[in-house]
Structures are given as structure tokens and as C-alpha cells.
Amino acid sequence: MSNLIQEIHRRSLWQVLGIYLAASWVVLQVVEVVTGTVGLPDWTPGMAFVLLLIGLPIVMATAFLQEGMPGRDSTDRGEDVFGADANAGDDADARPTPAAGPRRGITAAPAHRLDPAVEFSTITPIRGLFTWRNAVLGGVGAFALLGFTLVAYFVLWTTGLGPQGSLVAQGVFEEGERVVLADFEDDTGAGLGDVTTDAIRVDLQESTVINVAAPAYVNAVLARMGRSPDEEFTGTAARELAQREGLKAIIQGEVSAVGSGYLLTASLVAAETGDVLRAFRVPVSSEDDLLEGIDKLSQDIREKAGESLRDIRSGRPLEDVTTSSLEALRLLSSSEELRLSGQEIEAIPLLERALELDPEFAMAWRALSVIMWNTGTDGRRMEEASTRAFELRERLTPMPPSRRIDGCWIATPTTTPR
């Protein structure tokens, strides 16, 4: 074992491993940033990781056979991999004899070993394959494969070929085509179907390709159909409504309990034939991750419909806060957009509406107190909102005490805004 460790040190394997891991980390960070900026598929970083993982044993084998990093090849030092003098030739007189004993620094080979010339002829083809030049070329080829895969994906997506093709490219419907969103079925018994339906509707409202029929429009059509708007809006009812209105597709889905988590499924269905155009599924580990799973589901729907990932990811996500009302959460996110654009006064009614829906919405109380302080519109209202936010501080998103939020400080009874 000690000989093995010494050999590892001699061949600089630890240094090679460290350099490779550091370079791989940098590459993955770059791929992650490019994926989000350019709009590459979500599987791009995963594929890059697999390619780097495959390259690790190849690089380590190259370092072992070449006895270290580039520039430290054993043949440059006049030694072969067996410790014999590579410049001595095949003359037996050039090798140390048993009578003379081994030369300094060279250990005589055991009697049972094969002739070094035979062993060298056996290992030479392998050393010729595992060279640093081939390792670099293999790395370039691996990421060329990644680039080719991405190009092939976008070609299929834009031309509508195969399962990767977008529905717009396939001519299933046009950009801005109105679709009907049915209520998600709930098999959990926790009322998550309505929450998921509302969240999907909010997400799809930002789409430039899918135009989800507004609830007011749906209720008006249901009234003409002799149906009550209070009834569950199933996939069957959605198909019937779409057929009456000449709409091409509906979206239906289901929330199911799977162990300690959930499974979100959805499908784009042709209204006329009932054929499933695209199906989607997203596993969720817990209820706390439900909004993240819904975001992923809505992103998949928008992407397959024909919206670019860059446009999808450019949308502002909902705030990561605690509230029992999804509509209140949407109002808080909308108010934040107004505040960041300099329209703080216009954001106040949205926050007040959010607090009507969820009076214990701590983040909304805090946001209202900050806006009141910044604008100086109502000192009494600011103090009331600040006090209420402090009373509900257990429901605030954890953060460092001195953290600034977009240039604003939290106003609480124990913290003086600056």
C-alpha cells in the first residue's frame, strides 16, 4: 500500500485530480450561467456534468501512464515505465549483472517477470492511446457533441419535427391562440387542485404564445351552456366549451399524492378529437416545494407550445414568502414590480388588496410599511403596517438583520428605517 501511495505522489495524480476538479467546477458554472442567459434546455448542465464525469477516469489514466502532468513524461527523463534505462538499448552488457549488483536508483527485476522488452511492447500501444494530446482532443470532442446535441434540439424544436417539435411549429395552433384551462383534479384531499389551477393560470398569463381564456369569459360561455360557474370545471366541460367557441386546445391536469410528496401532471388536449398533444409530469417532494413544481410545469407547457426558454425565464418569479392565498402572493409580486419601476404609490392598492385576502400576510405588511415610509404619504398607516409586520415576524422570510432589500430598509418598531 505504501508503494502505491508513493507511486501516486510520484506521478502527481493528486495534483492532476485537483486541477481537473477545479476546472470542471468552473466549466459547470459557465454552463449554468449560459443556460439561463441564452435559454438553453434545463438538461444542458446535467449533460455537461456527465461528460466531465466520463472524462475524469480518462484524465487520471493518462496521468498515470504518462507519469504526471504534461511535460513530465517518463521518456523525457530517459526512463520507461518499468524503471529501466530507456537509453541503454537492448545490449545485455548494458544492463547490470547479478555479480556487479544493481546500479544506484535501479532495482533489479524479479526473476519471475517477463522480459522488459516484452512488457514494454505490450504497454506501449496503451501509452500511445492515453496521451495528453488525445485527452485534450477527447474533451474538445465531448463538448462538440454537447453543442451538436443542442443544435439538433433547437432544429427539431423550431421545425416541429418529432416529439421535440413545438406545437406552433407543427401548426397545431398559432401564437396567441386562446386555450381553455380546466380545473386540476385533486387526489390529495388537501385542496391543492384549486391552488395549482390558479398558479398555472397566473404563470401562463405571462406567455406570449398561449392565451388562457379569462375566468369571466369562461363563466359567460358556461352561462350560455346552462352550466353554473360554481360547478367543477372538468376537462370534459372544458372540451365542450372549446368546441362551442371554436378553440383548438385545452389544458387539463391532476395533483396526486405519491408517498410523502406529490405528482403534478398536465396535458395539452385537442378540443375536437380529444387527442393528447403533449403530456407533462413534475414530481414534488413536499408541499413547501409545490410552487417550484408548478413553475416547472408551466415552463414545460410554454416551451412545448412554442415559447423560447429565454422569454420564459425572463419573467419575474413569484416572491418566496409565506401566505395562504396564491392571489395575495401574485398581488405582492405585482406590487414589487411597480415599486422597482418607481411607481410606489400605484403599488399600495395591490398590497391592501393582498392584505384583505390574507390579513396575516407578514411580507405584505412589511412591504406596505416600506412604501409608506419612502413616500411619506401616511405616517399612521406606516406605523400600523410596521407594527403588524413585527407581530407576524415569525412568518417573515429569514434574512440577515442588516440586509437591504432593493435599496430599502425594513421598518419595524425595533429598527429605524434609514
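Just so it is clear, the structure is predicted and the values come from calculations on it, not from any experiment.
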Peer 1: Answer yes when Lys296 and Asp300 have at least one side-chain N-carboxylate O distance shorter than 4.0 Å, and no when they do not.
Peer 2: yes
Peer 1: Which pair of heavy atoms, one from Val218 and one from Ala213, lies closest together, and at what distance?
Peer 2: CG2-CB, 4.0 Å
Peer 1: How far apart are the C-alpha atoms of Ile371 and Ile348, what are their side-chain angles, what is the distance that settles it, and do they pass the side-chain contact (heavy atoms from CB on, under 4.5 Å) test?
Peer 2: CA-CA 8 Å; Ile371 290 179; Ile348 293 177; 3.7 Å; yes
Peer 1: Would you indicate whether Glu177, at its atom CD, is surrounded by more than 12 heavy atoms from other residues, nucleotides or ligands within a distance under 6.0 Å?
Peer 2: yes
Peer 1: Can you see which heavy atom on Ala367 is nearest to which on Leu332, and at what distance?
Peer 2: CB-CD1, 4.2 Å
Peer 1: Trp25: what forms a ring pair (Phe, Tyr, Trp, His ring centres under 6.0 Å) with it, not counting sequence neighbours?
Peer 2: none
Peer 1: Quick one: does Asn134's side chain have a donor or acceptor within less than 3.5 Å of a partner on Leu129's backbone?
Peer 2: yes
Peer 1: When you look at Arg380 and Glu383, which way does the salt bridge (Lys or Arg N to Asp or Glu O under 4.0 Å) test go after all the steps?
Peer 2: CA-CA 5 Å; Arg380 184 191 61 80; Glu383 182 178 355; over 6 Å; no
Peer 1: Hey, does Trp157 have a side-chain heavy atom less than 4.5 Å from the side chain of Glu303?
Peer 2: yes
Peer 1: Heavy-atom count check: over 12 atoms from other residues, nucleotides or ligands less than 6.0 Å from Glu391 CD?
Peer 2: yes
Peer 1: Is there a donor in the side chain of Asp42 and an acceptor in the side chain of Gln299, or the other way round, less than 3.5 Å apart?
Peer 2: yes
Peer 1: Should Glu185 and Val255 count as side-chain neighbours, where that means a heavy-atom distance under 4.5 Å?
Peer 2: no
Peer 1: Evaluate side-chain contact (heavy atoms from CB on, under 4.5 Å) for Arg224 paired with Glu245, printing each intermediate quantity in order.
Peer 2: CA-CA 11 Å; Arg224 296 200 304 271; Glu245 297 298 301; 2.7 Å; yes
Peer 1: If you count the non-hydrogen atoms of other residues, nucleotides and ligands that lie under 6.0 Å from OH in Tyr217, is the total more than 12?
Peer 2: yes
Peer 1: Which atom pair, heavy atoms only, marks the closest approach of Ala362 to Ala389?
Peer 2: O-CB, 4.1 Å
Peer 1: Flag yes if more than 12 heavy atoms outside Arg133 fall under 6.0 Å of its CZ atom; otherwise flag no.
Peer 2: no
Peer 1: Taking it one step at a time, do Leu146 and Leu51 satisfy side-chain contact (heavy atoms from CB on, under 4.5 Å)?
Peer 2: CA-CA 9 Å; Leu146 174 60; Leu51 293 175; 3.9 Å; yes
Peer 1: To check you understand the geometry: which heavy-atom pair defines the closest contact between Gln252 and Gly235, and what is its length?
Peer 2: OE1-CA, 3.3 Å
Peer 1: Once side-chain contact (heavy atoms from CB on, under 4.5 Å) is applied, do any residues pair with Thr149, and if so which ones, sequence neighbours excluded?
Peer 2: Trp43, Met47, Leu145
Peer 1: Going through the checks in order, is the side-chain contact (heavy atoms from CB on, under 4.5 Å) test met by Leu13 and Leu17?
Peer 2: CA-CA 6 Å; Leu13 296 189; Leu17 177 61; over 6 Å; no
Peer 1: Please report the shortest heavy-atom distance between Val282 and Gly293, naming the atom on each side.
Peer 2: CG1-O, 3.8 Å
Peer 1: Do the charged groups of Glu254 and Arg281 touch, with an N to O distance under 4.0 Å?
Peer 2: no
Peer 1: Any donor and acceptor pair, going by atom type alone, linking the side chain of Ser267 with main-chain N or O of Val269 inside 3.5 Å?
Peer 2: no
Peer 1: Ile200 and side-chain contact (heavy atoms from CB on, under 4.5 Å): which single residue from Val212, Leu181, Leu264 fits?
Peer 2: Leu181
Peer 1: Going by side-chain contact (heavy atoms from CB on, under 4.5 Å), name the residues that satisfy it together with Ala237, two or more places apart in sequence or in a different chain.
Peer 2: Arg227, Phe233, Thr234
Peer 1: Quick check: closest heavy atoms across Phe184 and Thr197, and the distance to 0.1 Å?
Peer 2: N-OG1, 2.8 Å
Peer 1: Are Glu384 and Arg388 within salt-bridge range, i.e. N to O under 4.0 Å?
Peer 2: no
